[in-house]
Amino acid sequence: MTSRKPLISGNWKMNLNHFEAIQLIQKLSYALTKDDIEAVDVSVHPPFTDLRSVQTVLQADKIPIALGAQNCHWEAKGAFTGEIAPAMLSKLSVQYVITGHSERRQLFGETNEDVNRKVKAIVKAEMTPIMACGETLEQREAGEVEDHIVTQLREGLAGVKADDVSNMVIAYEPIWAIGTGATATPEDAQEVCALVRATVLDLYNKPTADAVRIQYGGSVKPGTAPEILTQPDIDGALIGGAALSAEDFAHCIQYRLR
Ligand code: PEP
């Protein structure tokens with residue numbers, strides 16, 4: 001048995017203005033019970049422009065949902081037009097920051113080295129990185145999943161201390177399953193999440209591998225959440241589309257009851 005508390009994170013991507021964000025977080029708080037939040041950690045990752053509004057609602061109504069961001073820069077400040085520094089996020093009570101999402105890698109050219117700098121900067125700012133990794137369909141069909149995932153992890157975690165890795169979250173997100181409606185089978189998802197844990201064991205040690213939380217992401221919906229989330233090496237989910245509906249996201253969080 002594992003003592004890792006699941007973390008279910010909603011990645012809102014580039015959706016919802018701050019008025020809509022307030023509505024969604026309020027609806028979500030009505031849909032969740034105290035028991036849900038005791039059993040599962042929940043984070044929401046609104047666009048930057050919504051963070052202050054969502055933070056205000058979470059604090060005012062004492063809603064035990066963690067605030068997350070979708071990205072940040074690795075530098076602390078300076079001439080980086082359009083970028084956001086980690087300390088700007090921690091000042092807004094942001095607890096989790098996604099880094100290495102495949103959309104950032106594929107659309108904005110982020111490399112493993114960039115992801116590594118961001119992981120270190122997020123840790124330094126006392127937030128928790130959710131570092132995403134995952135293969136394309138071509139890589140899967142060519143039998144390159146293991147090589148690709150191990151490389152992403154080795155380079156993404158280079159120079160990150162074991163204690164910091166213990167506290168972080170790694171999201172396995174097969175690119176072919178993101179936003180496509182095609183979820184990996186629970187067995188395939190478990191197999192790669194077990195590989196992620198074995199790689200952390202190889203790079204660090206057993207306590208670190210036992211402690212790191214590993215999420216699955218890729219078209220998780222209320223109907224698929226229970227089977228995915230009960231796999232032994234899967235400690236939660238990173239959810240895009242279904243997180244934009246309070247009802248669907250709450251149903252994913254309530255996977256144990258379904
Ligand atoms: C994601 O954004 O990380 C994601 C998994 O999206 P979706 O659930 O829509 O596939």
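Note that ligands are numbered from 1 as they come in the structure, with each ligand's atoms numbered from 1 the same way. Nothing here was measured: the structure is a model prediction, and the numbers come from that model. The first residue of the sequence shown is numbered 1, and numbering continues consecutively from there.
Interface of G179 with ligand 1, defined as ligand atoms under 4.0 Å from a residue heavy atom, comprises 7 (P), 9 (O), 10 (O). The contact set between ligand 1 and I178, taken as ligand atoms under 4.0 Å from a residue heavy atom, comprises 4 (C), 6 (O), 10 (O). In the vicinity of G241, heavy-atom distances shorter than 4.0 Å reach the ligand 1 atoms 7 (P), 8 (O), 9 (O). For ligand 1, the atoms closer than 4.0 angstrom to any heavy atom of G218 are 5 (C), 10 (O). Residue contact check: A177 has heavy atoms under 4.0 Å from atoms 10 (O) of ligand 1.
At most 12 non-hydrogen atoms from other residues, nucleotides or ligands lie less than 6.0 angstrom from CD of E227. More than 12 heavy atoms of other residues, nucleotides or ligands sit less than 6.0 Å from atom CD of E83. In the displayed structure, K221 atom NZ is contacted under 6.0 Å by more than 12 heavy atoms of other residues, nucleotides or ligands. Shown here is E146, whose CD atom has no more than 12 heavy atoms of other residues, nucleotides or ligands within 6.0 Å.
Residue, atom and distance of the protein heavy atom nearest to atom 4 (C) of ligand 1 are G240 N, 3.6 Å. The protein heavy atom nearest to atom 3 (O) of ligand 1 is E173 OE2, 2.7 Å. For atom 2 (O) of ligand 1, the nearest protein heavy atom (residue, atom name, distance) is K13 CE, 2.6 Å. Considering only non-hydrogen protein atoms, atom 1 (C) of ligand 1 sits nearest to H101 NE2, 3.3 Å.
The proximity of L238 to ligand 1, defined as any non-hydrogen pair under 4.0 Å, involves the side chain as well as the backbone. Neither the backbone nor the side chain of A243 comes within 4.0 Å of ligand 1, counting heavy atoms alone. Heavy atoms of E103 found under 4.0 angstrom from ligand 1: none, in either backbone or side chain.
In this structure, a donor-acceptor pair under 3.5 Å is absent between the side chains of Q152 and Y172.
Proximity of K118 to V97: side-chain heavy atoms (C-beta onward) are nowhere separated by under 4.5 Å.
Residue G109 comes nearest to D114 through the heavy atom pair O-OD2, 4.0 Å, listed as atom of the first residue, atom of the second, then distance. Closest of all the heavy-atom pairs between A177 and Y216 is CB-OH, 3.7 Å. Between I253 and R256, the shortest heavy-atom distance links the atoms O-NH2, 3.8 Å.
For the pair E110 (side chain) and R105 (backbone), a donor-acceptor distance under 3.5 Å is absent.
In this structure, A171 has no heavy atom closer than 4.0 Å to ligand 1. For the pair S219 and ligand 1, a heavy-atom separation below 4.0 Å is found.
An N or O contact shorter than 3.5 Å is missing between K221 and ligand 1 by distance.
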